[in-house]
Amino acid sequence: MSQRELVSYFKQATMEMQLEYERIRARAMEDPGTAGDEGEENWASLLRKWLPGDLQIATKGRVLCGDGEATDQVDIVALSPLYPRGMLTKKMHLASEVMAIFECKSTLKAQHIEKTIASASRAKEAIYRAHGKEVTYGLVAHSHSWKADKLEVVDAISGMLAEGDRTHVGHPNNSLDFLCIADLGSWVLRTDSDEDVYGPGVISYYSGPSFTGFDGKSVDTSPIGRMIAYALRRLSHLDGRYHGLAGYFGMAGLEGMGSFDTSNLRAWKDFESRRRHVDLFF
C-alpha cells in the first residue's frame, strides 16, 4: 500500500469529520453539552478504526493511579488489551493499563491549548510517579477559531504550544505529545540531543504541519494521518507488538517532514533523566 492510498483513506476520514463538525455546530448553541459529547464520540470512533484493534477505547472519566491520585477529567483513553472488561464502563480508568489519553474539542481556542498542556503535565507526572510508566497524551479538534491565513494560524499555534510548555512543563517527559486539528494540520513533539550543536542536555520542539516540500510543490498530507502515524510510533514503544504497524505507517511517510521555528526550541540542561518510550528521552 502506497502513501497515496493511505492518505486517501485519511482524507476520507477527514471529510467525515468535517461533515460531523458542521452537523454538531448547527446544534451547539441550543445544547452545547450534547454537542461536546458527540464530538468526543466522533474521535473515539476514529481511534477505534485506526489504532491497533486490541486496544480498548473508552470515553469520559478520570485516570486513577495506584497511590490514590486521580487526574483531571479526560475525554478519551486507549486502554491495554489486558484491561478488565468489568471496568470498561466505570469512569475511573486504571492508570497501569492506560496507553494514551486524548482531549477533544470541536472548535479549538487558545485557552484549550494552555489548559490541556497543564493537564497533560500533571497527569503524566502522576502516572509515572505511581507506576513508572509513560503515556501518550494528545489534543484533537475538528476545527479552530482563528480567522486568518493558515500559515499565520500555524505560526500562532506553534508559539502557543512552545509558551504553554515553558510555563507548565517541568520535565521533557511530561510535555503534550501532539495536537491535531482535522481541517488544518498536526503538531508532534520532537526531541534531539547533539552536544556539538545544542550543548549538554536535550532540546524539544513541536514539528508543525508543512504544506510544501523542499521543491516548493504542494505536499499531499493528512492531519489525521500524521497524528495516527505518530501515535502508533509512540504506542509501539509501550508494546512491541505494534512495531510492525507503526513501521509500515512510518515507511509510507504519513508523518511527513514537518516544520518548526527555531525560536520555539526548548533546551533542557538540568533534569532527572528517566527512560522514555520513544526515540531519545521522549
Side-chain angles (χ1 to χ4, degrees), residues 3 6-7 10 14 100 102-103 108 110 112-114 116-117 120-121 124 134 136-141 144 146 149-169 171-194 197-198 201-237 246-247 249-268 276-282:
Q3 179 193 24
L6 274 174
V7 168
F10 284 113
T14 300
F102 301 83
E103 290 295 309
L108 187 72
H112 297 151
I113 295 175
E114 181 170 11
T116 304
I117 288 172
S121 181
K124 294 175 85 172
E134 308 292 350
T136 298
Y137 202 121
L139 171 59
V140 295
H144 61 89
W146 289 273
D149 174 81
K150 67 179 182 180
L151 293 178
E152 294 179 43
V153 177
V154 166
D155 287 343
I157 291 175
S158 296
M160 292 175 201
L161 286 167
E163 180 60 29
D165 193 81
R166 286 190 290 266
T167 302
H168 296 287
V169 181
H171 191 286
N173 291 36
N174 296 337
S175 294
L176 181 72
D177 293 298
F178 61 83
L179 163 61
C180 174
I181 304 175
D183 65 358
L184 178 62
S186 286
W187 289 253
V188 298
L189 182 68
R190 307 286 195 201
T191 61
D192 197 3
S193 175
D194 188 331
V197 177
Y198 307 116
V202 300
I203 58 102
S204 65
Y205 62 93
Y206 286 95
S207 170
S210 178
F211 304 111
T212 57
F214 290 119
D215 57 4
K217 295 181 180 179
S218 177
V219 176
D220 193 20
T221 60
S222 163
I224 292 176
R226 189 182 197 212
M227 180 269 287
I228 291 293
Y230 181 83
L232 281 172
R233 184 161 59 84
R234 287 303 188 100
L235 289 169
S236 74
H237 289 268
F249 275 50
M251 289 175 66
L254 282 180
E255 278 196 50
M257 59 183 182
S259 63
F260 71 95
D261 183 341
T262 55
S263 67
N264 291 328
L265 293 176
R266 183 174 183 185
W268 300 87
R276 283 300 278 193
H277 55 289
V278 290
D279 290 354
L280 190 61
F281 286 93
F282 95 113

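Only a predicted model underlies this, so the values are computations on that prediction, with no experimental measurement involved.
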Between [X] and [Y], is any pair of side-chain heavy atoms under 4.5 Å apart?
| X | Y | answer |
| --- | --- | --- |
| W268 | V202 | yes |
| F260 | W187 | no |
| L179 | Y206 | no |
| I224 | C180 | yes |

Any idea which heavy atoms bring [X] and [Y] closest together, and the distance?
| X | Y | value |
| --- | --- | --- |
| K124 | S175 | NZ-O, 2.7 Å |
| T14 | A182 | CG2-O, 3.4 Å |
| H112 | L139 | O-CD2, 4.2 Å |
| L189 | S204 | CD1-CB, 4.3 Å |
| S259 | P209 | OG-O, 3.1 Å |
| G225 | L254 | O-CB, 4.0 Å |

Once you round to the nearest 0.5 Å, how far does [atom1] of [X] lie from [atom2] of [Y]?
| X | Y | atom1 | atom2 | answer |
| --- | --- | --- | --- | --- |
| I203 | R190 | CD1 | CZ | 11.5 Å |
| D165 | I117 | CG | CD1 | 6.0 Å |
| N264 | Y205 | CG | OH | 12.0 Å |
| S207 | D261 | OG | CG | 12.0 Å |
| R266 | R166 | CZ | CZ | 8.0 Å |
| M227 | F10 | CE | CZ | 8.5 Å |

Indicate whether the side chain of T136 and that of D177 have a donor and an acceptor atom separated by less than 3.5 Å. no
Looking only at side-chain N and O atoms, does Y230 offer a donor or acceptor that is under 3.5 Å from a partner on R226? no
Run the ring-ring contact (aromatic ring centres under 6.0 Å, His included) test against Y137 and tell me which residues pass, sequence neighbours left out. none
Residues two or more places apart in sequence or in another chain: which of them pass side chain to side chain contact (heavy atoms under 4.5 Å, CB included) with H144? L108, W146, V153, I181, D183, L184
